[in-house]
2 protein chains.
Amino acid sequence: MDLSHKINNCKECIYKSWAFKNLSDEELTRINEQKKEQLFRKGENICFEGDEILSFMYLQNGLVKLFKTESNNKEHIISIAKPKDFIGLLSIFSNKKHIYSITAIEDSIVCFVKLDIIKDLIKTNGIFALDFFEKISTVSDSVIKTRIDINTRQLRGRIAYILLFFAKHIYDSTTFNLPISRKEVAELIDMSTENVIRVLSEFRKDKLLQIEGKNIEIKDLKRLERIYELG
Amino acid sequence: MDLSHKINNCKECIYKSWAFKNLSDEELTRINEQKKEQLFRKGENICFEGDEILSFMYLQNGLVKLFKTESNNKEHIISIAKPKDFIGLLSIFSNKKHIYSITAIEDSIVCFVKLDIIKDLIKTNGIFALDFFEKISTVSDSVIKTRIDINTRQLRGRIAYILLFFAKHIYDSTTFNLPISRKEVAELIDMSTENVIRVLSEFRKDKLLQIEGKNIEIKDLKRLERIYELG
DNA sequence: TATATATCATGATATATATCATATATGATA
DNA sequence: TATCATATATGATATATATCATGATATATA
């Protein structure tokens, strides 16, 4: 999907009705004047761990991964963010530097709004401030919940989790193209690449899935959900 | 330690200089008039998963655990909170109900401030709002970081983590009384109770620790730190 | 105090998972 | 197209971890 035509004005932006609601026309204009929208192709890096945090980053379109590079040079994926997710988590309020890197896993449009402006709006528009915090709290809370969900399950439960995550949360369909490699799935749900592949094969043999490379079709949603729930 | 005499006025409260700074005398009085301070004895429950969220909860003194009860009735500890931590995480902004329970693991004083008041202050005092969010963001971010820290390590690294956590973060001393049972340590760092005990014994045999029941003394901090860093 | 109950401790065993080895397929690049 | 790198796949093996069993302490409760 080519997204290059999608760059637009804040006032028309679908997100006006979401994180940036409760703003006056004048305030939206202020954001619009200095905001920067940027297209990142699949695989391109949006920010690096250690970079100074200058902007509030908003994912308009596409899909990105947030990850840390461990001391042994292995990557650990913290979460996958979808449109409507702001992709700075909370570190933007509590840190000077990004505590993880962000990479596009599908062509993505990211909207950058200078942090100063956001902070100023929080100070001057209380209704916006409160609503804004409700929104970003939801994202952080869900990251915590997800980490617990994953780590209290074993391999089959974790794979079930990730399949249901993409089907329900990201693509709203039981058929989808897995946007990440098996290796990245492994980095996301804390297991070895071989075992990701193995369990997927198992699920295929069990007629839970149909797999052709990255294309996955969930054939038995109910049973997959049960595997997830049992852990 | 008996804390019953410690109940006090917001204006004198040590936390005036922390989360509640940037408030006028008039605003502090408003909080003080309706705030409720309550002493919870070790083992007493402060709130239950599913309870309606009515108050912002602030840990003045003591130590508490935040935990979820899984479907198999096992408890999973999300984090240990110490004084200065607000103990509602972010769910207080994004949920109507508590998504976990909180129990005192040491005698604790919790200060309850009606959520309405906090929300009103966020709306009307921008400087407070921004500072407040920086504080609570730090807590949520650190929960996320901790979960990753724990789950990317194996047993010895996890035990090293939790020992260093109590020594550095909670008690600021290499000698301390472990405030939770081995079973609770297991629930906190995702391992079996037997293995918690086993690894602690190993560390004792290796002269890393001296253990007498709950009393633990770290004898070789450097080596423990190395075990933590290696994972 | 006596009795029950939870916690701590350790060995033996079973299970889950990672690692190693090797093969095939897929996609990128010259 | 040929060559190389990377991703997928699967079996064999090693390792990490949980579970089971049993006993000893400690702690709570009648």
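Chain letters run A, B, ... following the sequence lines, proteins first, then strands; residues in each count from 1. Only heavy atoms go into these numbers, but all of them, side chains included; no hydrogens, no water, no symmetry mates.
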Each nucleotide N or O in nucleotides 5-10 of chain C that has a protein N or O under 3.5 Å away: list the pair and distance.
{"from": "C/dC8", "atom 1": "OP1", "to": "B/K214", "atom 2": "NZ", "distance (Å)": "2.8"}
{"from": "C/dC8", "atom 1": "OP2", "to": "B/R182", "atom 2": "N", "distance (Å)": "2.8"}
{"from": "C/dA9", "atom 1": "OP2", "to": "B/R182", "atom 2": "NH2", "distance (Å)": "3.3"}
{"from": "C/dT10", "atom 1": "OP2", "to": "B/S201", "atom 2": "OG", "distance (Å)": "2.4"}

(request) Starting from P on D/dA26, measure out to CG on B/N215 and report it in whole angstrom. (result) 14 Å
Contacts under 3.5 Å, N or O only, protein and nucleotides 22-30 of chain C:
none

(message) For a quick test of reading the model, state the closest non-hydrogen atom pair linking B/K214 to B/S181 and the distance between them.
(response) NZ-CA, 3.3 Å
(request) Start with the C-alpha distance between B/F86 and B/F56, add both sets of side-chain angles, then the distance that settles ring pair (Phe, Tyr, Trp, His ring centres under 6.0 Å), and finish with yes or no. (result) CA-CA 8 Å; B/F86 80 105; B/F56 173 80; 5.7 Å; yes
(message) If you apply the rule side chain to side chain donor-acceptor pair (under 3.5 Å), what do you find for B/Y228 with B/D149, and how did you get there?
(response) CA-CA 10 Å; B/Y228 166 71; B/D149 269 5; 3.0 Å; yes
(message) Let me check the geometry of the helix from C/dT1-D/dA30 to C/dA30-D/dT1. What is the bend angle between the axes at its two ends, five pairs each, to 10°?
(response) 50°
(message) Using every non-hydrogen atom in the two residues, find where A/D141 and B/S94 come nearest and quote the distance to one decimal.
(response) OD2-OG, 3.2 Å
(message) Classify the ring geometry of A/Y171 against A/F166: parallel below 30°, tilted from 30° to 60°, perpendicular beyond 60°.
(response) parallel
(message) Exactly one of B/N45, B/I105, B/I46 should register a side-chain contact (heavy atoms from CB on, under 4.5 Å) with B/V64. Which one does?
(response) B/I46
(message) Looking at every heavy atom in both A/L66 and A/I87, which two are closest together, and how far apart are they?
(response) CD2-O, 4.1 Å
(request) For A/R156 and A/G231, indicate whether the former's side chain and the latter's backbone hold a donor-acceptor pair under 3.5 Å. (result) no
(request) Return yes if some donor-acceptor pair links the side-chain N/O of B/D220 with the main-chain N/O of B/R223 below 3.5 Å, else return no. (result) yes
(request) Return the minimal non-hydrogen interatomic distance between A/E49 and A/S101, and the atom names on each side. (result) N-OG, 3.0 Å
